Amino acid sequence: MSDLLRETLREVLYGPDGLSGLFSAPGDGLLRAAHALTLDDLRAAPGLAGRVMALRHALELTALRLADPHALLSDPTDPQGWQPPGAQAWRDELVNLARAGQALYDALFLPLTPAAQREAHGAVLHAAREAALLQHWRGLRPQ
């Protein structure tokens, strides 16, 4: 079960290896979609940066909780209404998002209880939904 969950998360983060996947086409993973967003995009779509941060928080917290069910998130930043103050802050957030995805991937190698498996599934599906939202938004923005 964990192998399938890891492969699903990998596809959500990076896109499928083959011609098509469950959630996206090749090259359409969450990280690529997030990295394609510019500061102008984030200003044009209030709340988008906060959604990315909220997803990062969810991935981080899930990874922590798979190892320790009592773990708490250490980032006190409220994602609601968060806008990066500059390009470096956005790049830092993207790096943190990639790290959170990797942390969850690594945590999926732990022996997981059924409750932990459900929590991990929820985080992967949350990431898939947010990746689809970012990809859809990218398709709507003026070129």
Side-chain angles (χ1 to χ4, degrees), residues 1-110 112 115-143:
M1 175 85 83
S2 291
D3 290 343
L4 178 59
L5 193 53
R6 281 191 301 273
E7 279 303 305
T8 303
L9 177 60
R10 192 208 51 73
E11 179 194 329
V12 168
L13 293 173
Y14 302 107
D17 285 334
L19 296 176
S20 65
L22 292 173
F23 301 103
S24 58
D28 278 344
L30 169 69
L31 297 177
R32 185 179 189 134
H35 278 268
L37 297 172
T38 66
L39 286 178
D40 288 338
D41 294 333
L42 299 175
R43 287 184 195 105
L48 200 55
R51 288 185 78 108
V52 171
M53 179 181 275
L55 173 60
R56 187 219 350 132
H57 282 178
L59 296 176
E60 283 178 353
L61 185 57
T62 301
L64 291 169
R65 287 175 48 93
L66 293 180
D68 175 4
H70 304 291
L72 299 172
L73 188 64
S74 61
D75 184 351
T77 309
D78 183 1
Q80 185 155 352
W82 180 77
Q83 278 290 106
Q88 186 60 49
W90 180 238
R91 282 191 297 272
D92 291 346
E93 184 58 31
L94 294 173
V95 168
N96 290 334
L97 176 63
R99 285 183 181 148
Q102 184 63 49
L104 179 55
Y105 185 85
D106 292 345
L108 293 176
F109 284 95
L110 297 170
L112 301 178
Q117 286 180 7
R118 284 190 300 277
E119 187 167 354
H121 278 270
V124 171
L125 288 176
H126 180 192
R129 185 189 70 224
E130 294 300 308
L133 179 135
L134 293 178
Q135 291 160 6
H136 179 73
W137 191 88
R138 261 184 28 207
L140 293 177
R141 75 178 180 197
Q143 297 298 323

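Fair warning: this is a prediction, and the values are worked out from it, not measured in the lab.
- With sequence neighbours excluded, the residues satisfying salt bridge (charged side-chain N to carboxylate O under 4.0 Å, His left out) with Arg65 are Glu119.
- By the 4.5 Å heavy-atom criterion applied to side chains, Leu37 and Trp137 are counted as neighbours.
- Using a 4.5 Å heavy-atom cutoff, the side chains of Leu64 and Leu72 are not in contact.
- Annotation: side chain of Leu97 is in contact with side chain of Leu59 (closest heavy-atom distance under 4.5 Å).
- Relative to the six-membered ring of Tyr105, Arg10 misses at least one condition, a distance below 6.0 Å or an angle of at most 45° to the axis.
- Pairing each heavy atom of Ala120 with each of Leu66, the nearest pair is CB-CD1, 4.1 Å.
- Of all heavy-atom pairs spanning Leu133 and Leu48, the tightest one is CD2-CD1, 3.8 Å.
- Within the 4.5 Å cutoff, no side-chain heavy atoms of Leu31 are placed close to those of Leu94.
- Annotation: side chain of Arg56 is not in contact with side chain of Val52 (no heavy-atom distance under 4.5 Å).
- Using a 4.5 Å heavy-atom threshold, the side chains of Arg99 and Val95 count as touching.
- When all heavy atoms of Ala33 and Leu134 are compared, the pair lying nearest together is CB-CB, 3.8 Å.
- For Arg91, the side-chain hydrogen bond (donor to acceptor under 3.5 Å, both in side chains) partners at least two apart in sequence or on another chain are Gln88.
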Name each donor-acceptor pair under 3.5 Å that joins a side chain in residues 77-86 to protein atoms two or more places apart or in another chain, with its distance.
| from | atom 1 | to | atom 2 | distance (Å) |
| --- | --- | --- | --- | --- |
| Thr77 | OG1 | Asp75 | OD1 | 2.8 |
| Asp78 | OD1 | Gln80 | N | 3.1 |
| Gln83 | NE2 | Leu42 | O | 3.4 |

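- Contact between Val12 and Ala128 at its shortest, heavy atoms only, is CG1-N, 3.6 Å.
- For the pair Leu125/Thr8, no side-chain contact is recorded, criterion being any heavy-atom separation below 4.5 Å from C-beta on.
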